[in-house]
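Only one structure is covered here, and it is reproduced in the block below.
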Amino acid sequence: MPQPYIEHVNLTVSDPERMADLLNRLFGWHVRWEGAARDNGRVIHVGDERTYLAVYTPPGGPQAGDFEKGRPLNHVGILVDDLDDIERRVIDAGLVPFAHADYDPGRRFYFLDYDGTEFEIVSYE
């Protein structure tokens, strides 16, 4: 049996199309599938051939308080080859990188998406 790995993470978002577009622009991913989801919601699977983020919105959209930092998710970590290129793409998307760090084993920065979900972008290059 191959080593287990995270196949997907499902995030609640206010606008799945906007979030899918952001992930495509930042990371060069693509929409793997989209359609109806449980409880009459909508979901888009965005990623590569192995892994993806499911960006989900419930019917009527998320409720107040759904996007409080760390409730319960602290951040989503994405490994990239070219940290500087991704930071430029984050800025071009109108988002703000912060908490830059350069320490063993790599460099990193963070940003909040349109709903306030925190992403850590890291490179070991």
Task: Residues Asp92 and Arg88 bridged, charged N to O under 4.0 Å - done: no
query: With the 4.5 Å side-chain cut-off for hydrophobic clustering, are Leu11 and Leu79 part of the same group?
result: no
Closest heavy-atom pair, Phe98 versus Phe111, reported as atoms and distance to 0.1 Å, is CE2-CA, 3.6 Å
Original post:
Under the 6.0 Å and 45° cation-pi test, does Arg42 pair with Tyr56?
Top reply: no
- Would you please indicate yes or no on a ring centroid separation below 6.0 angstrom for Tyr110 and His75? yes
Interatomic distance, CG@Asp21 vs CH2@Trp29, rounded to 0.5 Å, equals 13.5 Å
Q | Full working for side-chain contact (heavy atoms from CB on, under 4.5 Å) between Val96 and Leu112 | A | CA-CA 7 Å; Val96 180; Leu112 301 176; over 6 Å; no
Q. Backbone N or O of Thr117 within a donor-acceptor pair of the Asp115 side chain at under 3.5 Å?
A. no
Value for CZ (Phe27) from CD1 (Ile78), rounded to nearest 0.5 Å, stands at 5.0 Å
Interatomic distance, CD1@Ile121 vs CG@Leu26, rounded to 0.5 Å, equals 7.0 Å
Residues at least two apart in sequence or cross-chain that pass ring-ring contact (aromatic ring centres under 6.0 Å, His included) with Tyr52, listed by chain then number, are His8, His45
Any donor-acceptor N or O pair under 3.5 Å, side chains Tyr103, Arg108:
yes
Ser123 side chain to Val80 main-chain N or O, any donor-acceptor pair under 3.5 Å? yes
In terms of heavy-atom contacts, Ala36 and Val43 come closest through O-CG1, 4.4 Å
Value for CG (Leu22) from CD (Glu17), rounded to nearest 0.5 Å, stands at 13.5 Å
Between Val9 and Ile6 the two heavy atoms that sit nearest each other are CG2-CG2, 4.0 Å
- [ ] Flag yes if Leu83 and Ile91 sit in one hydrophobic cluster, no otherwise; membership is Ile, Leu, Val, Met, Phe, Trp, Tyr, and two members link when side-chain heavy atoms are under 4.5 Å apart.
- [x] no
To the nearest 0.5 Å, atom OH of Tyr124 lies from atom CG of Asp81 at 12.5 Å
- Message: Before you tell me yes or no, could you show the steps for Leu95 and Tyr114 under side-chain contact (heavy atoms from CB on, under 4.5 Å), namely the whole-Å CA-CA distance, both residues' side-chain angles and the distance that decides it to 0.1 Å?
- Response: CA-CA 8 Å; Leu95 302 170; Tyr114 304 116; 3.8 Å; yes
With sequence neighbours left out, the residues meeting ring-ring contact (aromatic ring centres under 6.0 Å, His included) with His30 are none
For Glu34 and Ile44 the tightest heavy-atom approach is CB-CG1, 3.8 Å
I'd like to check Arg32 versus Val46 (side-chain heavy atoms, cut-off strictly below 4.5 Å). Are they in contact?
no
Check your understanding: Charged N to carboxylate O below 4.0 Å: is that the case for Arg107 and Glu87?
Key -> no
Here the gap from Arg25 atom CZ to Ile86 atom CD1, rounded to the nearest 0.5 Å, amounts to 12.0 Å
Note: Pro97 and Phe109 closest approach over all heavy atoms is CB-CD1, 3.7 Å
Under 3.5 Å: donor-acceptor pair, side chain of Asp48, backbone of Arg50: yes
